[in-house]
Every structure is written in structure tokens, then in C-alpha cells.
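Since the structure comes first, as C-alpha cells, the remarks are kept for the end.
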Amino acid sequence: MSYKIVAFAAFVAACGPTASSTGDGGGSDVVGGMCAPGTSRCDGTRRLTCSDGRWQVAEQCANVCDDELGCVLCQPGTGTCSGNMSRMCRDDGMGYVDVYCDPLQGLTCDFEIGVCTGDCAPQNLGRNYIGCDYYPTVTGNEVDSAFEFAVAVSNTTSAVANVHIEGGALTAPRTLTVAPGDVAVERLPWVPQLKACNNEPGGQIECGSPQNLSALVAGGAYHLRSDRPVTVYQFNPLDYKLPGSGCRDGTAVAGCSYTNDASLLLPVNAMTGNYYVASYPAWPTRTGTIFPSFLTVTGTADGTQVTIAPSAATVAGGGLPAFQAGVAQTITLNAGDVAQLFSTAGDLTGSLVRADKPVQVVSGHYCTEIPHGTTACDHIEESMIPYEALGNRYLVTPPAVPPLPNGKVRVVRIIATEPNTTLQYDPPQGALATTLASAGDFTEVAGTVDSFLITASAKVLVVQYLEGQEAAGNIGDPAMAVAVPIGQYRTDYQFHAPQNYTSNYVDIVAPMGANVTLDGVAVTGFSPIGATGYGVVRQLLSPKPSGNYTITGDQPFGISVYGYGSWTSYFYPGGLDLSPIVVE
């Protein structure tokens, strides 16, 4: 208790009034010292602004004055400790949030400043794809259960990462260590209610139509924590062929999975409670069964109220009620709980998820042809970018395949988050709409090989889909990846490409003239994208034992990663920042 009292006293003292170092003791509306017009700063609890070259008192703050935020309730970066719990001032200074200083993440609560300390502390991680707290989540897939769900944990630091995984279908926690700059792949058991298809014919072919549909699964997600910042990818499933099987590239025979995809997972420190969803229409198969579109929500905190307004009707099942299109319903999730909604009636693209605490949203399709009628179907999934981190400017480029190194056909879909969103394209794209009337509306173009810039009047969600094996010049089947807003580009990435695929690529979109290096080797040959000032390189990745690659540049750039096997593929963004973007 004595430590808490000392910390609280220090906090109050730090936030209280102080004498001006440049003024007249605080008794006047004019404070001494010359200044630049339009600037502002704090003097104790007084907010000063510059007028006529001199500091003047603009406001007497009731609590705290912050140089960047002005008058606030508390000073960001401060708090009070109670054991391993920190009551930490929010980044906006307008309230407090309770943060558990998790020992499994290498955290302790510093009683002097009242906040968690360590590499994995929220203030040290920032908002991007690198973190210490993740929730890998199985999603519906007709793949034979002999193929395994897995996570790949890539260590971004120069120290060993100790990783702890629990929950899901595990009967006991697992621990693993990841060497600096290395990756560890951990195979995890399927969660039957979420996989939704659990026949066991021995790895010969997909298990078929879903045996169960929507489900609410308590503790259904895996909880992965690391004491060092890492990146995490989930593979649904990991392998596209069984060891010793007859599966061979380009030939559909026994032992091939045929239906794989992967997702770059977002850490809890980058999640919010607001998401728009991208999926794909329910697919009526040739046997008459309808394979469903899905959206999957995972809770990260107990007592989370999640309101879902789906764009298509969903089926009831596994503790979840049926949802009607456009009608919001609220459910409660605890940490690790998963709600998976299946729609056999339409397309869940444009659905809205709102929660009062951070949640993860992964959406996609059980198994679909893209476009419908182009063989063959494949599972698709992707982690959705929170609404706060979406932007209004995106560059999209077609992925390569070995026969088509300059890009192959794919589907591009643009989803509005605001009514009356206008869209412009460079170069022009006549097949895409220029106005989206309502939030959740979308426009799409299939079979395009164009690279182009999308500029919207408001935030949009942009998604690209690989087409089926029988599309022109194609190898691999459908996969799905969100496009990264230009405002979330970075100057450095560490990304992972699974080495059990026949070929892996990274697509690099960077300003023309930027200096980019991949594993220390200069990347050249950028092809310009219209008049945007950006260019693209599609780089076939050389195999390496770890599957980890490092790419850096002297200007912010974006990357996407994808790969191919026999009648299958995966596709995900290679990384991104997730800072809030404000569109004026």
C-alpha cells in the first residue's frame, strides 16, 4: 500500500500547478518571452497560446495541461499500480484504462510511474502488426482434417522470444522459444465447432459440406503471448500436401489439400471495436449444397458487448441466433470466445461489427470459386483492418505467377464506410463505380490485370482476391488479402513466407526512385503505376530455411506476400502500421 500512496502523490505533484519559467509568476494573462504566432504550450496547468509574439493564457485547466493535447483529465504515460494492474491514463488524456502487466509478456508494473514496463508495454509497441498478444482463431474450412491448422511466430528482435499458447482445443498450454530473427511453426488442433467440417477420410479429399454452421464457442480461440515483440500468421491449413502422398503440383490427386489460405494476425494492441467486413457470396455448389460466407469475431476481454449488423441473413447454430440482413443484434463475448456467423443466403461483405472493447474480426468464405463458375473452390480468409486504421488512398497491383511474371487476373473490391463516397482511379477504371451510395456498399471488377490508385472521399476497405486455377494463365486457387492504405506504409518489414509452397512472392509498391533492399540486396526494376509516382516489383522469393525475410527502404512502401501449391494458394499483407487515419 505504501508504494501506491507514494506513486499517487508523485502523480498528483506532477500534474499540479507550477510557476512559469518564462513568465511573471502566473498572475497575469500575459506571460513573458517571445514566441512564434500560432504556437501553444503549457505552463503548469495553464494552456498558453502565442499572440502578437508573446505568450498569453488561453485557458486554466481544471486538471492537467499537456503540450500536445491541451487541457486533459490526466497525463498520458502515467498511472497508478495495484499489483500487476496499471490504471493507465489513455493516449488522449481524457480517461483511464486498466491494463494487466502480464508476466508472460515480460511486463511488470512500475510503481514510480504507474504503468507497465517492458518491451511489450503498450506505449513501447505502438500501433502496427508487431505485438506480444494474439488470438489465432480457426475458421470454417472443408479441408480434410488430416491437414493441420498452424501458426507461424516470427521473432522481430535480437533476443530470444518465449511464447505461451493456450485455449482453443488444447488440453494443456504449450510453450516454445523463437531465436532472434527466426520463426517457429506450431501445429494446433482444429476446433471442431469452428472448422465446421470434421470427417476423417484420411487425407484423400475435402470433407465436404459443413456439418454445423454458425457457432458461439466459449474459449474457442487460441491465446498466444510472447515476452518479445513478434509477428504471427495463421495458416488454415499449413500444408497443401501430405508427406508421402501422391499429391504433385498441377495435378489434382489424392493427398492434396486444395483449400488453403493464411492471415496476418493483428495484435491486441492494434485492435479496436469497429470493423467493416469483406467476404464473398455464398456459393451454390454443383451438388446443390450451398457453401457459406462467414465472419468470425473473437473477444479479447471479458464482458465485451458486440453488436453485429450483417449485410446478409445468417443461419442459427451452436448457441448463436439467426441474424437478419441489416438488423443489428448484440452478443456478449469473454476473452477467447468466438462467434462465427455463416450465411448461405448471400454475401457478408459490408457487414458492420461494433464492440465496446477490442475484438478481432476474421472474415472470408468456407470454400468458394472466384469468380463463381471458375474452377476450383478454395477457403479464403483475412484479418480485417479496424475502421480507425482504414484510409482513402490505396494502390492495388495484380500478383504474379511463374507463367505471368507481370501479373495475372484477380478481383478487386472496394467497400464504403460512409454514404455517398466518391471514387477516382489512376489510371481510369471504367468497370468500377465512381460513387457508392451507402455505407457497406461495394464495387468490384473481376479479371483485371491493371495496377491503379484508388482515391476515395472517405475511408474505404479494399480487398483483392486471387482467381481459380482455371482462370487465364493461373496456378493456384482463390485466396484473399486486404489492401494496405498508403497512409499505413512503413520503411521496414520482417515478413514470413511458408517454405512448403512451390513458389512464394513479395509484391513491393514504392515511390519511384525509392531505395529498397530485400535481405540486404537492392530491389530494382520498378514499373510505374499510371501517373501516381509509385511503381511495383513482383519479386519471386528465393527459398531459405527460416522463411523469414527483411525488407527496408528510405521512403515508406507497401508489401503483400503470396504463394502457390497444387490447386491452392495463400495471400496476405506483409505488414502495416495501424495508426488512426483521419480523412478530412
Side-chain angles (χ1 to χ4, degrees), residues 135-145 148-149 166-171 188-200 206-223 234 236-237 259 261 263 265 275 277 279-280 282-283 289-300 302-325 327-348 351 353 355 359-368 379-384:
Y135 281 90
T137 302
V138 170
T139 61
N141 189 347
E142 74 152 352
V143 71
D144 188 285
S145 295
E148 296 174 285
F149 181 81
E166 61 188 355
L170 290 176
T171 57
L188 297 168
W190 294 106
V191 178
Q193 305 97 310
L194 297 174
K195 185 179 184 299
C197 187
N198 300 287
N199 292 334
E200 299 285 351
E206 298 91 340
C207 68
S209 60
Q211 296 161 285
N212 59 279
L213 294 174
S214 300
L216 177 60
V217 184
Y222 291 100
H223 192 190
Q234 70 176 38
N236 188 348
T259 172
D261 204 359
S263 298
L265 294 182
Y275 296 84
V277 168
S279 182
Y280 207 71
W283 178 54
T289 302
I290 299 177
F291 282 3
S293 172
F294 72 78
L295 73 85
T296 306
V297 184
T298 302
T300 68
D302 290 348
T304 301
Q305 299 299 299
V306 182
T307 301
I308 304 172
S311 56
T314 69
V315 294
L320 274 182
F323 283 69
Q324 298 303 310
V327 179
Q329 293 191 67
T330 300
I331 59 175
T332 301
L333 297 179
N334 291 325
D337 291 354
V338 181
Q340 181 163 256
L341 280 66
F342 276 1
S343 175
T344 57
D347 187 346
L348 287 170
S351 299
V353 177
V359 294
Q360 172 181 268
V361 176
V362 177
S363 56
H365 203 287
Y366 176 76
C367 191
T368 188
H379 172 79
I380 61 172
E381 67 168 53
E382 191 59 87
S383 298
M384 293 294 101

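Sequence positions, counted from 1, serve as the residue numbers for this chain. Heavy atoms only: backbone and side chains are in, while hydrogens, waters and symmetry mates are out.
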For the residue pair [X] and [Y], confirm or rule out a side-chain donor-acceptor distance under 3.5 Å.
| X | Y | value |
| --- | --- | --- |
| S209 | T289 | no |
| T307 | Q329 | no |
| T298 | T137 | yes |
| E381 | S263 | yes |

Does the side-chain contact (heavy atoms from CB on, under 4.5 Å) test come out yes or no for N198 and Q211, once each step is laid out? CA-CA 7 Å; N198 300 287; Q211 296 161 285; 3.7 Å; yes
Evaluate side-chain contact (heavy atoms from CB on, under 4.5 Å) for S293 paired with Y280, printing each intermediate quantity in order. CA-CA 6 Å; S293 172; Y280 207 71; 5.8 Å; no
Please report the closest heavy-atom contact between H365 and F291, naming both atoms and the distance. CE1-O, 3.2 Å
Is there side-chain contact between L320 and L213, with heavy atoms separated by less than 4.5 Å? no
Close side-chain approach of P292 to P210, heavy-atom, < 4.5 Å: yes
Hey, mind stepping through W190 and N236 against side-chain contact (heavy atoms from CB on, under 4.5 Å) and telling me if it holds? CA-CA 9 Å; W190 294 106; N236 188 348; 3.1 Å; yes
If you apply the rule side-chain contact (heavy atoms from CB on, under 4.5 Å), what do you find for L188 with V138, and how did you get there? CA-CA 10 Å; L188 297 168; V138 170; over 6 Å; no
Could you check, using the six-membered ring where one of them is a Trp, whether Y366 and H379 have ring centers closer than 6.0 angstrom? no
